[in-house]
There are 2 protein chains.
Amino acid sequence: MKLGSGVEWSIHCLALLGALPPGRSLRLEKLAEFHNLKVAYLRKHFQALSKAGLVATVTGPQGGYRLGRSSDKISLLDIYIALEGDDHCFRCTEIRQDGPCANPALDKPSYSIPCNIAVSMWKAEDAWRKELAKVSIADVLGATAKQVSSEKMERMAQWLTEALA
Amino acid sequence: MKLGSGVEWSIHCLALLGALPPGRSLRLEKLAEFHNLKVAYLRKHFQALSKAGLVATVTGPQGGYRLGRSSDKISLLDIYIALEGDDHCFRCTEIRQDGPCANPALDKPSYSIPCNIAVSMWKAEDAWRKELAKVSIADVLGATAKQVSSEKMERMAQWLTEALA
DNA sequence: GCATTGTGGATAAATTCTATCCATGATTGA
DNA sequence: TCAATCATGGATAGAATTTATCCACAATGC
């Protein structure tokens, strides 16, 4: 089971947007350029992020994207849900109600409560989501600031200045 | 991001194997029949389960599958790993090392530690896996015994008797 | 009004998932 | 000893999803 590539792309790009000066926007082509991503495909992801309110858009000259709310209020979970939806990872197709021993009509009362296997699987998903919800884009920025060399920091600052010109 | 259908199928089937009398095996066609699953595709999953040691096989007449170890020592995590592999769900393709501001040679020291985004995502995966590891097939059996109607229990016992004949 | 930006959706190749089939190997029972 | 019965390994294939592009159009600012 894999997360789509858009998740990695989007987290990195939202972190970049989090580093923008207040009120400024960065156009999509620049976002793509920063990590050498495919513009057209990144655009697809950003439309989902925009729909979910994680980014705000400005059309026209000097337009582009900026964070849709402050970086400490955008979690990794928000990004995941925006891109991949809010459905459970574990799909319970109710096979317990199938086969020669099943009688859905007769057993309807016990089938109205969710399958215990699904409940266990979903509980694990809840734990996963809880952890994702704990980490915001602000946290990512903070951790990245510690992790990235000062040389790269300088190059980034210069690149951003040029990109916003 | 979805789990494959084999995860649901396999958990249910391993629970059925956990209900077998000691030393008995159930052939794959019967396992498939119990939940109306596709035999040929279920076989694919069971080959992965067999490879992982979660089921043991008996060829020849009266052959089939049985649990590879006691049901309290087979967790939902074991089943997931057997079927979908042990790789991370979040794929870090190191896009941080790409783009105009990146200089992988120069920044090699900071790139030798994992990307902080990946670390956060993987931490969430660890929480998910921990929960999955807590639940065994024995637990599933116990919970199912509470959940299933006594009528269905009887039908199951009779079906098993016939299936093992 | 035009250039610059995002949006919505159609299209398509590649990959993965779902599923089957066939030849073969292992075991058991007559 | 051989046939029947079971699993195994791998090739094959259609459907669905992922990755990716392109085009027409909408919104904005100069």
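Chain A is the first sequence line, chain B the second, and so forth, proteins listed ahead of strands; every chain is numbered from 1. Owing to the predicted nature of the structure, the values given are computational and were not obtained by experimental measurement.
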Distance-minimising heavy-atom pair for A:G99 and B:N36:
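Heavy-atom minimum between the residues: N-CB, 4.1 Å.
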Pair A:D107 + B:R155: basic N to acidic O under 4.0 Å
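Answer for the salt bridge query: yes.
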Please report the distance, rounded to the nearest Å, between [atom1] in [X] and [atom2] in [N].
X: A:R43; N: C:dT4; atom1: CZ; atom2: C1'; value: 12 Å
X: B:L28; N: D:dA7; atom1: CG; atom2: P; value: 6 Å
X: B:Y41; N: D:dT12; atom1: OH; atom2: P; value: 19 Å
X: B:L17; N: D:dA7; atom1: CG; atom2: C1'; value: 14 Å
X: B:H45; N: C:dC17; atom1: NE2; atom2: C1'; value: 9 Å
X: A:K44; N: D:dT19; atom1: NZ; atom2: C1'; value: 9 Å
X: B:E8; N: C:dT18; atom1: CD; atom2: C1'; value: 14 Å
X: A:L31; N: C:dT5; atom1: CG; atom2: P; value: 12 Å

For A:W9 and B:G63, find the nucleotide of DNA chain D closest to each by heavy atoms; which residue's nucleotide sits nearer the 5' end?
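Going by which nucleotide is closer to the 5' end, it is B:G63.
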From the list [options], which nucleotide is the closest neighbour of the side chain of [X]?
X: A:K38; options: C:dC21, D:dA20, D:dT8; result: D:dA20
X: A:Y65; options: C:dG6, D:dA7, D:dA20; result: C:dG6
X: B:P61; options: C:dA19, C:dT7, C:dT28; result: C:dT28
X: A:S5; options: C:dT27, D:dT19, C:dA19; result: D:dT19

If the cut-off is 4.0 Å, is [X] near the phosphate of [N], judged by side-chain N/O to OP1 or OP2?
X: B:T57; N: C:dA26; answer: no
X: A:R91; N: C:dC17; answer: no
X: A:R27; N: C:dA3; answer: no

Would you mind classifying the nucleic acid contact of [X] as base, sugar-phosphate or nothing, using non-hydrogen atoms under 4.0 angstrom?
X: B:R66; value: nothing
X: B:F46; value: nothing
X: B:S25; value: nothing

With a 4.5 Å heavy-atom cut-off, do A:D78 and A:S75 have their side chains touching?
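Touching, per the 4.5 Å side-chain cut-off.
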Below 4.5 Å, heavy atoms only, C-beta onward: do A:L164 and A:L20 meet side chain to side chain?
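Side chain of A:L164 against side chain of A:L20, heavy atoms only: contact under 4.5 Å found.
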Please check this pair: side chain of A:E84 against backbone of B:K2, looking for a donor-acceptor N/O pair closer than 3.5 Å.
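Such a contact is absent between A:E84 side chain and B:K2 backbone.
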Comparing A:K51 and A:M1 on DNA chain C - which has the more 5′ nearest nucleotide
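Result of the comparison: A:K51.
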Is any side-chain N or O of B:Q47 under 3.5 Å from a base N or O of D:dG9, one able to act as donor and the other as acceptor?
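Indeed, a donor on one side and an acceptor on the other fall under 3.5 Å apart.
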Counting only heavy atoms not in B:K73 (residues, nucleotides, ligands), do more than 12 fall under 6.0 Å from its NZ?
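No, NZ of B:K73 has 12 or fewer neighbouring heavy atoms, counting only those of other groups under 6.0 Å.
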How does DNA chain C read in dot-bracket, base by base from 5' to 3', with Watson-Crick or G-U pairs under 3.5 Å and | used when the partner is on another strand?
||||||||||||||||||||||||||||||
Quick one: sort the B:W122 and B:H88 rings into parallel, tilted or perpendicular, breaks at 30° and 60°.
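B:W122 vs B:H88 ring planes: parallel.
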Distance only, no hydrogens: is a donor on one side chain within 3.5 Å (strictly under) of an acceptor on the other, for B:W128 and A:E131?
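Side chains of B:W128 and A:E131: no pair found under 3.5 Å.
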